[in-house]
*Asks:* 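Okay, handing you the structure first.
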Amino acid sequence: MKQHTLSILVENKAGVLSRVSGLFSRRGFNIESLAVGPCEEPGMSRITIVAIADDDKVEQIMKQLNKLIDVIKVSDLTGSPRVERELALIKVTAELGTSRAEIMQIAEIFRAAIVDVSPKSIILQVIGDTEKINAMETLLRQYGIKEFVRTGTVGILRGSKGVPGGK
Amino acid sequence: MKTGAKILVESLQREGTEIIFGYPGGVVLPIYDELYDSSLRHILVRHEQAAAHAADGYARASGRVGVCLATSGPGACNLVTGIATAYMDSVPIVALTGQVPTNLLGNDAFQESDITGITLPITKHNYLVKNTADLSRTIQEAFYIAGTGRPGPVLVDIPKDVSTSSVKDVPVPEKVELRGYNPTYHGHKRQIEKALQLIAKAERPVIYAGGGVILSNASAELIQVATMLGIPITTTLMGIGAIPGDHPLNLGMLGMHGTEYANFAITECDLLFAIGVRFDDRVTGKTETFAANAKIIHIDVDPAEIGKNKRVDVPIVGDVKAVLSDMLTCLKKTGVHDAWIKKIQHWKQHHPLKCPDDGGLHPQFIIRQMSEMLGGDAVIVSEVGQNQMWTAQHFSFKHPRTWITSGGLGTMGYGLPAAMGAHFARPDLPVFDVAGDGSIQMNIQEFGTIAHYNIPVKIAILNNRYLGMVRQWQELFYDRRYSYTELPAVEFVKIANAYGIEGIKVESPEDVKPALQASLDCNGPFVIDFRVEREENVFPMVPAGAAINEMIGGHPR
Ligand SMILES: Cc1ncc(C[n+]2csc(CCOP(=O)(O)OP(=O)(O)O)c2C)c(N)n1
Ligand SMILES: [Mg+2]
């Protein structure tokens, strides 16, 4: 079992997300993360899905995805040099004093931005791959995380080429 | 300006629809009003499930897209089993459903159900039409998607206000173009060459042909390839009819209730040429031992079927007919596998299907009598269970699209409505529904439809007063504990008579032929209630999970 990042170009039509995600659950896949939004082509969206599965299972799900009428292109980014990012917003308990200073130091190390400050808490915004965000969460836990939200991973291939494969 | 309902009916006619099977209700009133004086024929069924199966039977017998129509909520939900049945067997139907008006969508309105959500996993595609202006185009796309590539059901959900509003007539494009849908029809040249090289080297080749051959109308090409190369053919349940039953290269059906010789041949072959099949578990038994020593070539129009259950050496994505035609252009007559053919002949001789002959009324005997009388010039539809397997085994089919059965889903209650649909596709042929006493009672209300329209479907009930196939498993694997599988006697002839249908009860073998003749002589529907040996089993049988050459109920080897 291996983690796969799939990039799926779809027609931006009602129900397309449930068609895609339904296929994963129906065929016994757990989606680790999912991100969707409009992309460079008008009327299209790109969905990035991270799932953990055997290679041959992934091949099967890609073929099944390709059969969906609203799916234009499916690519597995996993084997290729790529950039993957997610964004997290973390609300940390930060009373005035030393803990607040320490948190701000951690933020600096992770190049996180402070996007909101209140007397009892601050909100950090961090961008990175999954591991970086997990690492930051671990470090901040001792101060008390009030709320933690993250987007799904989005991925893109390095270099000038677009995603390979397709129908 | 035209109403949506009018546009719908005109679109159906433009797509070549001649008949639809349906049932009215509140939100489809505008559509039914349009049908009232349309030349489009409508058959009023007695349950929407039957409308879907009838459209399916029509599609399978004709090769064209079948159409059914139901109202929202309960009507649409009643279609579900029929749609799933068509989906599993790749049958092109367009299911039209009414929906609550767009302003009430999502409101739990009266008779609202999310039918596009419900049918997401059992349709090739589905639509909720929100604007009348999109209707014509949507119907065009629905037919195109249903009938091309790997066929399948498409549902179009039409809110009431979309039917009633009027728009200017918008012409549809000459040709449908969908960016995300481009089936591959022609096989890759290099792959075809590779396949031919493998075939040339093979000493013990077998063709394993399935429903894909029927769907792509490729039976002539199949037989030509097989004859030129001298390769025997075994068919799946769905592939029956692709090669005549009495053809010397035909090995009959393989798999769980396949012939011993087909299963032996698969087990011992060194080349498996799989055509329009999907390596279903009912066919392969234990996959590791299925054609374990063979190189495998696989042709299928659906790339997702290739390598799904079994590793393949030469995959060829393409339409079966197109690929086989391409093969034929570069085929040299080779095909002498004398030793192999002799071995198969030996198996055929010593391991034939058994037909008990002890004076009792045996179902196998009835099917053989039917086969003899009809000579393959009939459409035979079946229900599900032992009746289905005996028909598949003992009826000798002559033509493709004359054997119609629910394979993938195994839907009891499929047969009678599918037979109705098949009649409208092939009014020139007698149509039989070979039924079980359990299955027939799942859609027995359709006696009403066949009586109403005088649809001359002949219903041959193999009445064993059991859910026979389940009883067989209980006998063999559950210590004869017949838990809820015995059915009380039903006088089916009386039920038929109550609907105004003629019928006859048969209790001994010598009455079989006269009864079949009586059914053929009757120009309307007819019911034969065959009181068969109750605990007859379907043999041979591969127990679930066993290798397919490990059959029970066969001949000693
Ligand atoms: C709708 C549905 N429910 C249950 C089953 C499970 N099942 C398969 S065969 C069978 C028995 C069929 O009985 P009958 O129609 O009398 O046919 P027989 O096997 O006796 O010929 C049952 C219950 C099914 N295939 N379809
Ligand atoms: Mg029965």
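Just so it is clear: chains get the letters A, B, ... in the order the sequence lines come, proteins before strands, and each one is counted from 1.
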*Asks:* If you round to the nearest 0.5 Å, how far is CD1 of Ile69(A) from OH of Tyr144(B)?
*Replies:*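 If I round to the nearest 0.5 Å, the distance is 9.0 Å.
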
*Asks:* With a sphere of 6.0 Å drawn around CD of Glu40(A), does it hold more than 12 non-hydrogen atoms of other residues, nucleotides or ligands?
*Replies:*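 Counting other residues, nucleotides and ligands, CD of Glu40(A) exceeds 12 neighbours.
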
*Asks:* Please indicate whether Met44(A) has more than 12 foreign heavy atoms, meaning atoms of other residues, nucleotides or ligands, lying under 6.0 Å from its CE.
*Replies:*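 Atom CE in Met44(A) is crowded, with more than 12 foreign heavy atoms closer than 6.0 Å.
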
*Asks:* Check this for me, if you would: do Glu59(A) and Lys308(B) make a salt bridge, where the nitrogen-to-carboxylate-oxygen distance has to be below 4.0 angstrom?
*Replies:*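 Looking at Lys308(B) together with Glu59(A), the answer is no, because their closest N to O distance does not fall below 4.0 Å.
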
*Asks:* Counting heavy atoms not belonging to Lys91(A), are there more than 12 under 6.0 Å from its NZ?
*Replies:*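 Not more than 12 within 6.0 Å, no.
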
*Asks:* Should the heavy atoms of other residues, nucleotides or ligands under 6.0 Å from CZ of Arg137(B) be counted, would the total exceed 12?
*Replies:*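 Atom CZ in Arg137(B) is not packed in, count stays at 12 or less.
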
*Asks:* Take atom NZ in Lys194(B); do more than 12 heavy atoms of anything else shown fall under 6.0 Å from it?
*Replies:*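 Atom NZ in Lys194(B) is not packed in, count stays at 12 or less.
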
*Asks:* Among the options Pro303(B), Ala304(B), Gly149(B), Gly117(B), pick out the one with the most heavy-atom pairs lying under 4.5 Å from chain A.
*Replies:*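 Result: the option with the highest number of such pairs is Ala304(B).
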
*Asks:* Is the closest side-chain heavy-atom distance between Leu68(A) and His125(B) below 4.5 Å?
*Replies:*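 Answer no - side chains too far apart.
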
*Asks:* Apply the test side-chain contact (heavy atoms from CB on, under 4.5 Å) to residues Gln60(A) and Glu305(B): give CA-CA distance (whole Å), side-chain angles for both, the deciding distance (0.1 Å), then the verdict.
*Replies:* CA-CA 9 Å; Gln60(A) 177 61 207; Glu305(B) 285 305 342; over 6 Å; no

*Asks:* Count the heavy atoms of every other residue, nucleotide or ligand shown that sit under 6.0 Å from NZ of Lys310(B), and state whether that count exceeds 12.
*Replies:*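 For Lys310(B), atom NZ is crowded (more than 12 foreign heavy atoms under 6.0 Å).
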
*Asks:* Heavy atoms only, distances under 4.5 angstrom: which of Lys13(A), Arg26(A), Met62(A) has the most pairs with chain B? Name it, please.
*Replies:*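 Highest number of pairs under 4.5 Å: Arg26(A).
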
*Asks:* Among Leu178(B), Ile306(B), Leu128(B), Asn126(B), who wins on heavy-atom pairs under 4.5 Å with chain A?
*Replies:*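 The candidate making the most pairs under 4.5 Å is Asn126(B).
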
*Asks:* If I measure from the heavy atoms of chain A, does Ile145(B) come under 4.5 Å with its side chain, its backbone, both, or neither?
*Replies:*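 Contact with chain A is through the side chain of Ile145(B) alone.
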
*Asks:* Side chain, backbone, both or neither: which part of Leu9(A) has a heavy atom under 4.5 Å from chain B?
*Replies:*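 The side chain, not the backbone.
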
*Asks:* Does atom CG (Asn103(B)) have a neighbourhood of more than 12 heavy atoms from anything else shown, all under 6.0 Å?
*Replies:*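 Buried by this count: over 12 neighbours within 6.0 Å.
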
*Asks:* Which atoms of Arg19(A) are under 4.5 Å from chain B, going by heavy atoms: the side chain, the backbone, both sets, or neither?
*Replies:*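 Both parts, heavy atoms under 4.5 Å.
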
